[in-house]
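Taking it in order: structure first as structure tokens, then the write-up.
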Number of protein chains: 2
Amino acid sequence: MYYSPMARAATTSDAFNAVAEPRRRDILSYLALQERPVGDIVVALGLEQPSVSKHLRVLKDVGLVRVRREGRHMLYRVNAEAIRPLHEWAGTFERFWRHQLQKVKERAEEKMTKV
Amino acid sequence: MYYSPMARAATTSDAFNAVAEPRRRDILSYLALQERPVGDIVVALGLEQPSVSKHLRVLKDVGLVRVRREGRHMLYRVNAEAIRPLHEWAGTFERFWRHQLQKVKERAEEKMTKV
DNA sequence: TTTACATATTCCCATATAAGCATGTATTAT
DNA sequence: ATAATACATGCTTATATGGGAATATGTAAA
């Protein structure tokens, strides 16, 4: 078997790769409030329709959004559950940034008492 | 000026793009515990040394890690503060997945009382 | 059945990898 | 000064975009 370079993981490989694209984060934030048809996203974010459809495809492939049809409209909504892994991974570092802030605070207080 | 397509945002454009690569998340998790030289990461994660150096370069460029030299060793450590934006963005969806879980729970309880 | 509307898909192309391999650069040891 | 150690960087290559433009698909309205 020959060498096959995985230049960069596919955007559809997981939620991390999918949300790396800023427009996709914008779309998710917009959809967070409420289920919406594609056209609304196009107008709200000022993007081209094909571009929005492609981004939605990626989001759907990784389970970050769900769709249902209503007449000519495709109503997309966020599947928040799929964002949890991201939140939890980042959360494993929470105690470290708290610790860093604590040290900054301590130094500030030390400076105050010295005055 | 001509059209210049940004095929995909640079891995160094922000923390979101930097952590999209699984190996870089592995490196961050490994460094979370403690400051480490490059060689330790190579051994611990079983990657090629140039590969680790390049990943560290990306992480450093977006401020996810800091370095200091100690003799021949370059000691890398996590800058947890840079992971916060990620945690906070994902956190804006927390109430939605809680809400989803709540509905699942309610349906389950409804089913129980019906029996 | 045309027509209009809403969305999805295809094709093209410049760009940015990530891994492998080779080589350059510090810094310490001999 | 030379060798060895620890990293960083450069080069090549196959791959996966994301935007633009055009076109296809699906549904409802006339």
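The sequence lines fix the lettering, A, B, ..., with proteins before strands; numbering per chain opens at 1.
Distance CD (E21(A)) to P (dT15(C)): 17 Å, rounded to an integer number of Å. Distance, R68(A) CZ to dA6(C) P: 17 Å, rounded to whole Å. Counting to the nearest Å, the P atom of dT17(D) and the CG atom of N17(A) are 9 Å from each other. Separating the CG atom of L56(B) from the C1' atom of dA8(D) is a distance of 11 Å, rounded to the nearest angstrom. L45(B) places its CG atom 12 Å from the P atom of dA19(C), with the value rounded to the nearest Å. Taking atom CZ of R8(B) as the reference point, atom C1' of dT15(D) lies 10 Å away to the nearest angstrom. Atom C1' of nucleotide dA8(C) and atom CG of D61(A) are separated by 13 Å, given to the nearest angstrom. Here the C1' atom of nucleotide dA18(C) and the CD1 atom of I27(B) are 12 Å apart, to the nearest Å.
You won't find any donor-acceptor pair under 3.5 Å spanning the side chain of Q49(B) and the base of dA6(D), going by distance alone.
Phosphate proximity of dT9(C) to R57(A): present, with a side-chain N or O under 4.0 Å from OP1 or OP2. Contact annotation: H55(B) side-chain N/O to dA19(C) OP1/OP2 distance is under 4.0 Å. Between S51(B) and the phosphate of dA18(C), there is no side-chain N or O to OP1/OP2 separation shorter than 4.0 Å. Using a 4.0 Å cut-off, no side-chain N or O of Y76(A) falls inside it from OP1 or OP2 of dA6(C). Distances shown here put every side-chain N or O of R69(B) at or beyond 4.0 Å from the OP1 or OP2 atom of dC7(D). The phosphate of dC7(D) (OP1 or OP2) has a side-chain N or O of H73(B) nearer than 4.0 angstrom.
When heavy atoms are screened at a 4.0 angstrom cut-off, T11(A) is found touching the sugar-phosphate backbone but no base atom. Residue P50(B) is classed as a base contact, given a heavy-atom separation below 4.0 Å to a base.
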**Prompt:** Can you check side-chain contact (heavy atoms from CB on, under 4.5 Å) on V38(B) and L56(B), steps first, answer last?
**Reply:** CA-CA 9 Å; V38(B) 179; L56(B) 287 169; 3.8 Å; yes
**Item:** Step-by-step side-chain contact (heavy atoms from CB on, under 4.5 Å) determination, V65(B) to K60(B)
**Value:** CA-CA 5 Å; V65(B) 298; K60(B) 184 160 68 79; 4.0 Å; yes
**Message:** With side-chain contact (heavy atoms from CB on, under 4.5 Å) as the criterion, how do V58(A) and R24(A) come out once you've worked through the C-alpha distance, each side chain's angles and the decisive distance to 0.1 Å?
**Reply:** CA-CA 9 Å; V58(A) 172; R24(A) 284 196 284 268; 3.8 Å; yes
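Across the interface with DNA chain D, nearest-nucleotide mapping of R72(A) and R72(B) shows R72(B) to be the residue nearer the 5′ end. Comparing T12(A) and E70(A) against DNA chain D, the residue whose closest nucleotide sits nearer the 5' end is T12(A).
Residue K54(B) places its side chain closer to dC11(D) than to any other of dC11(D), dA8(C), dT15(C). Distances were taken from every side-chain heavy atom of A7(A) (C-beta onward) to each of dT17(C), dG20(C), dC7(D); the shortest belongs to dT17(C).
Looking at N17(A), its side chain never comes within 3.5 Å of a backbone N or O of T12(A) through a donor-acceptor pair.
With a 6.0 Å radius and a threshold of 12 heavy atoms from other residues, nucleotides or ligands, R23(B) has its CZ atom at or below the threshold.
Q49(B) and S53(B) form a side-chain donor-acceptor contact under 3.5 Å, judged by distance and modelled atom types alone.
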